[in-house]
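Note sheet for the following structure.
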Amino acid sequence: MVQENTTIFDPFLEAQSKPLLIKDRHFLRPEYIPDKLPHRDQLLNQLASILSTALRGERPSNILIFGKTGTGKTACAKFLGKEVRRKVETDDRAKKVNYLYINCKVVDTEYGILASIANHFAKTSDEQIPFTGWPMDKVYKTLKDRVEDARGVTVIVLDEIDQYVFKSNGDVLYHLTNINDELKNAKVSIIGITNDSKFTERLETRVKTRLGEENIIFPPYDAHELQDILKDRAVLAFFDQSALDPSVIPLCSALAAQEHGDARRALDLLRVAGELAERENSSKVTERHVHKAKNKIELDVQNEVIRSLPMHSKILLLSIVLENLEGQTQLTTGEVYQVYYELCRFARISPLTQRRITDLISELDMLGIITATLKSFGRGGGRTRIIRMSISPTEARHILSEDDELRRIVDYRSRQTKLF
DNA sequence: CGTCCACAGGAATCCCTGGGTT
DNA sequence: AACCCAGGGATTCCTGTGGACG
């Protein structure tokens with residue numbers, strides 16, 4: 001069967017050596033920051049005019065940036081960072097400016113945010129603040145000292161800032177917006193980025209006014225603007241533009257425009273469509289590939305969410321799935337908890353309390369895996385949430401059975417019924 | 001109109017982890 | 001070795017509530 005000098009890899013490697021469509025998919029990734037940001041000149045200028053005061057050694061106003069996902073907020077913030085650094089390095093008339101970027105979805109605790117700001121100024125590895133262990137006041141003091149030592153203006157970008165405030169009370173923001181009162185030789189200004197338009201409502205008034213000295217709103221891209229973005233990237237990413245069916249870019253743009261003008265989604269569609277076309281050894285990317293890409297992306301995202309669920313959430317989801325497969329498509333919290341409890345006992349895992357499970361149900365709801373709506377059935381039924389699946393139970397079951405812990409119990413029900 | 005069901009969901013507390021300091 | 005500290009998950013205890021039933 002297998003010939004000498006050939007391995008099972010060869011067919012795939014051979015396919016790779018054929019003329020491919022994509023030259024470098026890196027340019028289609030959302031995290032790639034291009035040199036030009038189409039249709040964002042206006043906003044960039046606005047931001048630049050605010051930040052230019054920093055280059056003169058004055059503290060720029062704090063800025064709050066609002067905008068849905070994929071409207072270029074992060075790209076613009078990083079782009080500005082590059083430009084600021086370039087200016088400081090090349091023009092000695094420009095005053096010292098430190099520009100640092102923190103994603104609050106990654107570091108989402110008070111400690112983490114303060115520590116990573118301070119660590120930005122750490123010169124050696126032993127100056128690094130450990131990611132846990134120190135008391136808060138010590139972290140804050142080191143941060144203050146280092147910013148003071150660094151002199152000049154420090155611009156701190158806090159991306160997805162709502163993620164942090166959502167979990168904590170926002171004390172860090174209070175400290176950071178007030179830190180200037182305690183600094184003599186340095187100044188700090190904050191750029192907050194959020195996709196939650198109601199974000200400020202959750203802030204204390206004193207923080208709200210400080211942080212929102214300037215508000216900038218990033219509007220969604222319309223289909224035409226998305227097309228311009230995709231065209232720019234396609235030139236970089238594909239060998240030959242004629243490999244793209246003329247209707248492909250407009251279609252990707254139109255689909256993404258439907259979803260609140262998300263550039264990230266548009267790029268994903270184009271990239272995945274290209275990858276699918278390559279895998280089929282097709283010489284062209286067509287509309288059909290885009291539609292396939294759309295389905296694939298949606299399914300992949302959903303499955304990845306399930307895979308990364310903590311164990312008890314998986315068991316909980318499995319209970320809902322099993323009930324659904326038996327025709328019970330509307331369940332109450334109590335019913336679900338019973339099944340969950342059974343499954344846990346079967347798997348010799350100690351079950352969580354119902355209180356905890358109500359929280360996990362809310363989480364699954366927010367993830368879009370299920371919908372849980374509050375309903376009251378009056379006396380005898382009480383007030384509970386009715387839980388429905390918003391994804392395919394069969395598909396969910398399949399993904400759940402990939403888990404080693406759960407494989408033992410996914411068949412629990414069918415084995416039971418076989419016994420009787 | 002009051003009762004009462006079956007929970008929702010807030011608050012305080014505990015436990016554990018990963019790290020620090022003394 | 002003994003103890004401090006932040007943070008996340010979980011538990012315990014609790015009060016609140018929409019609406020069918022009587």
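Computation of the quantities below employed the complete heavy-atom set of this structure, encompassing side-chain atoms and omitting hydrogens, waters and symmetry-equivalent molecules. Below, chain A is the first sequence line, B the second, and so on; all start at residue 1.
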Please determine whether the number of non-hydrogen atoms from other residues, nucleotides or ligands lying under 6.0 Å from atom CZ of A:Arg307 exceeds 12.
yes
Whole angstrom value for the distance that separates C1' of B:dA8 from NZ of A:Lys375
17 Å
Should A:Thr353 be listed as having a side-chain N or O under 4.0 Å from OP1 or OP2 of C:dT11?
yes
Determine: side-chain N/O of A:Thr332 to OP1/OP2 of B:dA6, distance under 4.0 Å, yes or no.
no
A:Arg385 atom CZ is separated from C:dG18 atom P, nearest whole Å, by 15 Å
Tell me which nucleotide among B:dG9, C:dG7, C:dG22 gets nearest to the side chain of A:Ser362.
B:dG9
Starting at CZ of A:Arg356 and ending at P of C:dA10, how long is that distance when rounded to a whole Å?
4 Å
Does one side chain, of A:His39 or A:Asp228, offer a donor that lies under 3.5 Å from an acceptor on the other?
yes
A:Tyr111 atom OH is separated from B:dG18 atom C1', nearest whole Å, by 10 Å
Between CZ of A:Arg383 and P of C:dG16 the distance, given in whole Å, is 13 Å
Evaluate whether atom NZ of A:Lys208 has more than 12 neighbouring non-hydrogen atoms of other residues, nucleotides or ligands under 6.0 angstrom away.
yes
Atom CG of A:Asp359 to atom C1' of B:dG9: distance rounded to whole Å?
8 Å
Looking at A:Tyr101, does the NZ or CZ of A:Lys78 lie under 6.0 angstrom from its six-membered ring centre and within 45 degrees of the ring axis?
yes
Against the side chain of A:Met136, the closest entry in C:dA6, B:dG9, B:dC7 is C:dA6
d(CD1, A:Ile357; P, B:dA8) in whole Å:
11 Å
From the list B:dT21, B:dC7, B:dC5, which nucleotide is the closest neighbour of the side chain of A:Thr333?
B:dC7
Rounded to whole Å, how long is the line connecting atom CZ of A:Arg355 with atom C1' of B:dA8?
8 Å
Compute both the distance and the angle, then confirm whether A:Arg210 meets the cation-pi test with A:Tyr174: under 6.0 Å from the six-membered ring centre, within 45 degrees of the axis.
no
Considering every strand and a 4.0 Å limit on heavy-atom distances, what is the contact class for A:Thr132: base, sugar-phosphate, or nothing?
base
Give a yes or no on whether a donor-acceptor pair under 3.5 Å exists between the nucleobase atoms of C:dG19, that is its base, and the side chain of A:Ser376.
no
A:Lys138 vs B:dT21: side-chain N/O to OP1/OP2 distance below 4.0 Å
yes
Quick one: which of C:dA10, B:dG18, C:dC5 gets closest to the side chain of A:Phe131?
B:dG18
